[in-house]
Structure formats: C-alpha cells, structure tokens
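Since this is a predicted model, take the numbers as computed values, not measurements. Every chain is numbered from 1 and lettered A, B, ... according to where its sequence line falls, protein lines coming before strand lines.
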Amino acid sequence: MDDIKKEADGLEVQEETEAEEAKLNIENIENSKAEYLLELETPIGESLRMKLEKIKTQKKKRNDLYKAKFVTNTDIKTLHDNFCHLMAGEKGEGDAVYNIAGRIMVFRRHGKATFAVLKDFSGQIQLYLNIKNIGDEKYYEFLDLDIGDIVGIKGSVFKTHTGELSINVQDYELLSKSIRILPEKWHGLKDKEIRYRQRYLDFIVNPEVKEAFIIRIKMIEAFRKFLTSKGFLEVETPMLQSIPGGATAKPFITHHNALNMELYLRIAPELYLKRLIIGGFEKVFEINRNFRNEGISYKHNPEFTMLEFYQAFADYNDLMVLTEELLKYVAKEASGTLKFNYRGSDIDFEGSWDKMTMIDSIKKFTGLDVNFDKDIDDLRDMANNNNLKINESFGKGKIINEFFDNFVQSKLIKPTFIKDYPVEISPLARKSPKNPNLTERFELFIGGEEIANAFSELIDPKDQFERFKFQVKSKDEEERMTGKIDVDFLKALEYGMPPTGGEGIGIDRLAMIITNCASIRDVILFPLMRHEKDI
RNA sequence: GGGCCGUUAGCUCAGUUGGCAGAGCACUGGACUUUUAAUCCAGGUGUCGAAGGUCCGAAUCCUUCACGGCUCACCA
C-alpha cells in the first residue's frame, strides 16, 4: 500500500487528470450497449453507420464472421513467379487449384462478373469471379463483402486479355470481417500521426513502407551472421539495472515492488559486457534496446536499438578494420547494394574508408589549426572569432570538439572514421600513449550522422575509480544524477580485465541511411507517441 | 524549451474579402459477363482539433490549449 501511495505522490498533476479522463471513458464503455468500439466514437459518420448496419444484418444471415483457420497451399508472389510466362488469355496448368488467403483491397463489379484485388504479405493478385462458374448464391454473397475483409480463395490461374495474372475463383470463404473503412486506395494514408499510431494501417495501405522494415530485419540478421562467423557470442545482459552506467544520459526510473528497490532501464549494456570480458568471454556482442530519457528528434527515439561488441586483446585500430568489413557486409546483405542516398546526399560504401584524426579533420574542413600545443586563450579567441559558444569551464579538449561538431561532422557524408578524441570528452577510453590529451577512440560518420563509437577500453581500475569519483563530484547536475559509482564493476576491474576494444553501433541510424529514411520513426515499427486523447 | 507550418467527411484535399460546408475515392441503391484509379445513373456524408473572444454573422479574425510535422537548442 505504501508503495502505491508513494508512486501516486510522484505522479504529476497532468497525469492524474488523464487518469480521470480514462476512467470516464471506461464508464462510458461499461454503460453502453454498443457492440463495437467503433459505435462509441462520436460522432460516427454516415458511411460507417451504414456499413455497420449492413454487417449486423449479415451477422444474422451468416453464423460466423470470424473463422478459425484456412489452409493455403501457396502465396501470391509464388503464383506471380510461376505464371508470369503465361500469354494473355492463357490458362495455367489445366485445372490446378490454388488456395490463397488475404485481404480484399479493391472491387471492380461488372454485373455478372467481378474483379477484385487480394493482398497477402507477399503481394497482390487480381481475383475474377464469374456467376456462371461460381453459382448465383456464392456470387451475390461475394458482392456483399467489403474492402478490408479477409478471405480464403480457391481457384485456378489464368491471364486476362489485357495480360493480368488472375485467379478464377471457384470457391471462397469469409475468414474475418472488417468493420472499419480502410484509407483510400489511390492517395493512401499520408497523415504521419495516423501512420505511426496505427502502423498496421500504414502497412496495409502503403506496401512500400514494409520494405524499409524488411531491410532493417535483414540488417540485424546479417550483423548476427557476421559476428558469429568471427567467433563472437551473442549475450543478453540486464535491461533493469540498479545503477545505470556506460553513458551519461538520463535514465527512465522504475520500481521493483517485492524487493522494494529503485531500478533503471539501462542506458547502455557496456559495464555488463565488460564484466563478461573479465569473466573470460573474449568476444561478445549484444543487439538490443537502450532507453534514454532525453529529447525526441528525427534521430532520437527514447528506446533505440544498439549493437555493442567487445573483443579482448584488440584495440581501436583492429575495430576500425572490423567495422568497415562488417558494415559493408551488412549493407550488401540487407539491401543488395553499397550505394545509398540519404537526405539528398549520395553515399557510397565502396572503396577504402577515410581515417583521420579529429584535429586533422578540423584543419581539412576549416583550414584552422586548432590543437593542444596552442594556448587555451588562443583557442578561446579562435572559437569566439568563429561564433562558437564556449563555456568558461571548457578545457582545450571541449573547445576543439566544438570546432569539430559545428564545422566538420555534417560534412562527413561518405563513411569516415574520426579518431583520437580529447580525453576531456572521452571518459571511458584509454589514453593515447603518444599524447596524454588524446584517447584511443574513434567514431564513424556516414551521411553526417554518428553511426559508431569505439575505444580501446579503459582497463586500469585506479584510473576508472578516479574518473567515477570525478563524475560523482561533477558540478553538472545531470552527470551527478546518473553518476552513482558502480562498485561491483570496479571490483570486477580490480581482478584484471584484458586489453579490450569495445564498440557501439546505432542500428536505427544505420537503418535510416541504408533505407534512405529521413526519420528514425520510419525505421522503428512503433515509435513513441504522446497520449492520444479520448478513446 | 524556441521558431515556422499544419489539424475541414472513413481517406486525400479545396474552401475567395468574414455571408447556406465542397470535390474525388470510399459508402448506400440501381445498370453492366475481361476490368484494373473500370464506367454510367441516383443518394447521404460533417463537433471544420478543443475552449474562449470579436462580430448581425466565424472553417475563415484574435487569445489560450491539445496533437502532429519541419527546424534550432538540449542530449549521444
């Protein structure tokens, strides 16, 4: 009880009023005589009302509008593949009967013959019904069906005079009745809000949307195949963590009732994957969700998919080689090509990818020679002269990074590794043996977006302890909030961790590039949306 | 969080200077036995995102709010 009370206290006022509204809706539902939710949506339009009345009459005639199953023996794409060679007017293989099932998308009624379009996951095909072939009763019953209904079809294959492959329907069965009206066949569904909230409608009406998701699915398959073939083991580490580590983002907070403890949705799997390296796993990877309680944008969703992998006895140079091979493989496997167009820019994965240090990249794109040999006041002046907003507390590293962020990153269209990041902005990376201001860290940029982030990992427990302490003492409130020291991880480090290269790859952002989608929401099946008002 | 744009029929969209709420598809009835955005005839679409204000009169002007999109900031 106390827990519930405590949680309720934490709720914001806004959420309470939303809860009240929801309650009212439930009362509406409980007290209504509506048979379908649709009828509670006010006002119900004329078209829908007429369709509903028709369905209620049909229900009296047919005892079951929702069947248990239908046995198919092929799918629509296979029929197209097998019978594309038919000549116009020609029949396929005598009287062979095929069973297919799908959703009716279009009717073209012509008196005693009717055409319709049936859609399954693999594609669309035209149906042809002739009253002579199928009989009066079945024929007129078919005319009572609606666009959106799901049917099972038995029929033979032929091509019409105009050369369209069609099914001559000999029998059919209504498998599932569609109560609502689908969006229009010609213009489709354009309203992005409805497309994201009711993704199923997007898939039904805009078949091309599916393609991006299929590429994404194949990408993830390819990642697994490649990494497994290189001897990496796929593991699963906690998403509910008592200390959210491995990054500095704000976490989502939740609560375990039986243990009465605060838990966080993970912001990164990093510290657990490193524990596995310490435990003797030498090559591990994880592909799964991270959760960050931050702003939402075309490239940020609160939950997103990350690949992280760790390889013992390797450093960041090894990872650059591996990454290039990996991403070329994944891109080719998933999409069949290495050439993409992202947000208007042509991107070619072919050829050897550029590698340059952050400092060299700034020189290349701006002509400015910013480096650690310069006096900090000179760097500040240069920043001010270039209209960069520099905080008093910024050291040389952060100032140099400002130049990179503002003048370089967006220009890195073709795949480019930027390496040797300042220590100041790289708390988890091993210091460069050549220059104590730099770390053995790289990021990969494609299409101006950060796609991967990798380091030679910090394995010195003393150094790590100091950096944790620094984080906890930090004046930055956000860093402090998430900066509880993961003592169990430190303890693990003190047993000795092998030198390790570790990397994270943002799957959603890579999918955006490979599918030429301008928004992360177009590569996430159900992106987070605000509450919808009313029902 | 800031700026700009948007929200009108199930869907896609018009809506003039503030003066009866419109079209196509879909839907309902009818005709039509190879159409394919089928065609033809007839019919009805509606909390104009919500609330408030100005006005004789508001989809239209003003204010606030909600939701969405783009963008900047934050974030990595």
Side-chain angles (χ1 to χ4, degrees), chain A residues 14 17-18 21 38 41-55 88-89 105-117 124-134 139 144 146-148 158-166 168 178-198 201 204-206 246-250 267-268 290 292-302 304 306 343 389 401 405 409 425-428 443 449-453 476 478-479 482 504 506 508-509 518-519 521 527 529-534:
Chain A
Q14 200 189 350
T17 57
E18 274 170 12
E21 278 172 23
L38 175 63
E41 292 179 357
T42 50
I44 178 167
E46 188 62 22
S47 310
L48 276 168
R49 190 160 47 234
M50 286 174 110
K51 189 174 170 183
L52 254 180
E53 275 167 28
K54 191 176 109 182
I55 287 160
M105 302 305 290
V106 172
F107 280 108
R108 289 185 286 274
R109 299 173 171 117
H110 294 259
K112 296 189 171 62
T114 286
F115 294 93
V117 172
Q124 296 195 344
I125 196 165
Q126 177 167 271
L127 305 178
Y128 175 70
L129 280 89
N130 189 309
I131 194 164
K132 225 168 155 185
N133 296 342
I134 199 166
Y139 183 79
D144 273 343
D146 290 297
I147 288 173
F158 75 106
K159 260 192 187 170
T160 62
H161 294 158
T162 48
E164 169 124 12
L165 189 69
S166 307
N168 187 358
S178 172
I179 306 295
R180 296 182 185 244
I181 298 174
L182 287 178
E184 199 208 357
K185 62 183 170 189
W186 186 245
H187 296 94
L189 180 64
K190 289 185 179 170
D191 185 318
K192 286 197 176 180
E193 183 172 355
I194 301 177
R195 289 183 45 209
Y196 295 141
R197 286 189 194 278
Q198 296 177 262
L201 279 184
I204 292 169
V205 177
N206 303 324
T248 55
K250 283 184 221 159
I267 55 175
N290 288 344
R292 297 188 182 176
N293 207 340
E294 306 277 2
I296 295 175
S297 77
Y298 78 91
K299 54 180 171 179
H300 296 91
N301 194 60
F304 62 99
M306 184 90 126
R343 292 189 156 231
K389 288 178 215 151
N401 186 52
D405 275 354
Q409 178 175 335
I425 57 163
S426 310
L428 298 162
E443 293 192 336
E449 307 285 3
E450 178 199 335
I451 297 301
N453 183 16
D476 185 326
E478 281 167 23
E479 267 192 57
T482 58
D508 311 274
R509 290 191 189 167
S519 168
R521 293 182 152 183
M529 305 287 280
R530 272 178 216 262
H531 283 301
E532 207 178 359
K533 41 187 177 174
D534 300 326

Whole-Å distance between B/rG10 C1' and A/Ile55 CD1? 13 Å

Considering only nitrogen or oxygen atoms on both sides, find all protein atoms under 3.5 Å from nucleotides 2-7 of chain B and state each distance.
none

Taking the nucleotide of RNA chain B with the nearest heavy atom to each, does A/Val117 or A/Lys112 sit closer to the 5' end? A/Lys112

Considering only nitrogen or oxygen atoms on both sides, find all protein atoms under 3.5 Å from nucleotides 43-45 of chain B and state each distance.
{"unit_1": "B/rG44", "atom_1": "N2", "unit_2": "A/Ser47", "atom_2": "OG", "d": "3.1"}
{"unit_1": "B/rU45", "atom_1": "O2", "unit_2": "A/Ser47", "atom_2": "OG", "d": "3.3"}

If the P atom of B/rG22 is compared with that of B/rC55, how far apart are they to the nearest Å? 28 Å

Rounded off to whole Å, could you give me the CG-to-P distance for the A/Asp146 and B/rC25 pair? 18 Å

Phosphate contact (B/rU28 OP1 or OP2) by A/Lys54 side-chain N/O below 4.0 Å: yes

Contacts of type side chain to side chain donor-acceptor pair (under 3.5 Å), residue A/Asp508, not counting sequence neighbours: A/Arg216

Would you mind reading off the distance between A/Tyr139 atom OH and B/rU33 atom C1', rounded to a whole angstrom? 7 Å

Sequence neighbours excluded, which residues qualify as salt bridge (Lys or Arg N to Asp or Glu O under 4.0 Å) partners of A/Arg108? none

What is the distance, rounded to the nearest whole Å, between atom CG of A/Leu129 and atom C1' of B/rU35? 13 Å

Expressed in whole Å, how much space separates the C1' atoms belonging to B/rU35 and B/rU7? 38 Å

Just how far, in rounded Å, is P of B/rA38 from NE2 of A/His110? 9 Å

Using atom names, set out every protein N or O paired with an N or O of nucleotides 11-15 of chain B below 3.5 Å, distance rounded to 0.1 Å.
{"unit_1": "B/rC11", "atom_1": "O2'", "unit_2": "A/Gly188", "atom_2": "O", "d": "2.8"}
{"unit_1": "B/rU12", "atom_1": "OP1", "unit_2": "A/Lys190", "atom_2": "N", "d": "3.2"}
{"unit_1": "B/rU12", "atom_1": "OP1", "unit_2": "A/Asp191", "atom_2": "N", "d": "2.9"}

Whole-Å distance separating the CG atom of A/Asn133 from the C1' atom of B/rU34: 12 Å

Should the ring pair A/Phe115 and A/His110 be called parallel, tilted or perpendicular, given that the plane angle runs from 0 to 90° and is split at 30 and 60? perpendicular

Residues in ring-ring contact (aromatic ring centres under 6.0 Å, His included) contact with A/Phe107, at least two apart in sequence or another chain: A/Phe142

Just to confirm, is there a sub-4.0 Å distance from OP1 or OP2 of B/rG68 to any side-chain nitrogen or oxygen of A/Arg197? yes

Rounded interatomic separation in angstrom, taking CE from A/Met105 and C1' from B/rU35: 18 Å

How many Å lie between CD on A/Gln126 and P on B/rA37, as a whole number? 11 Å

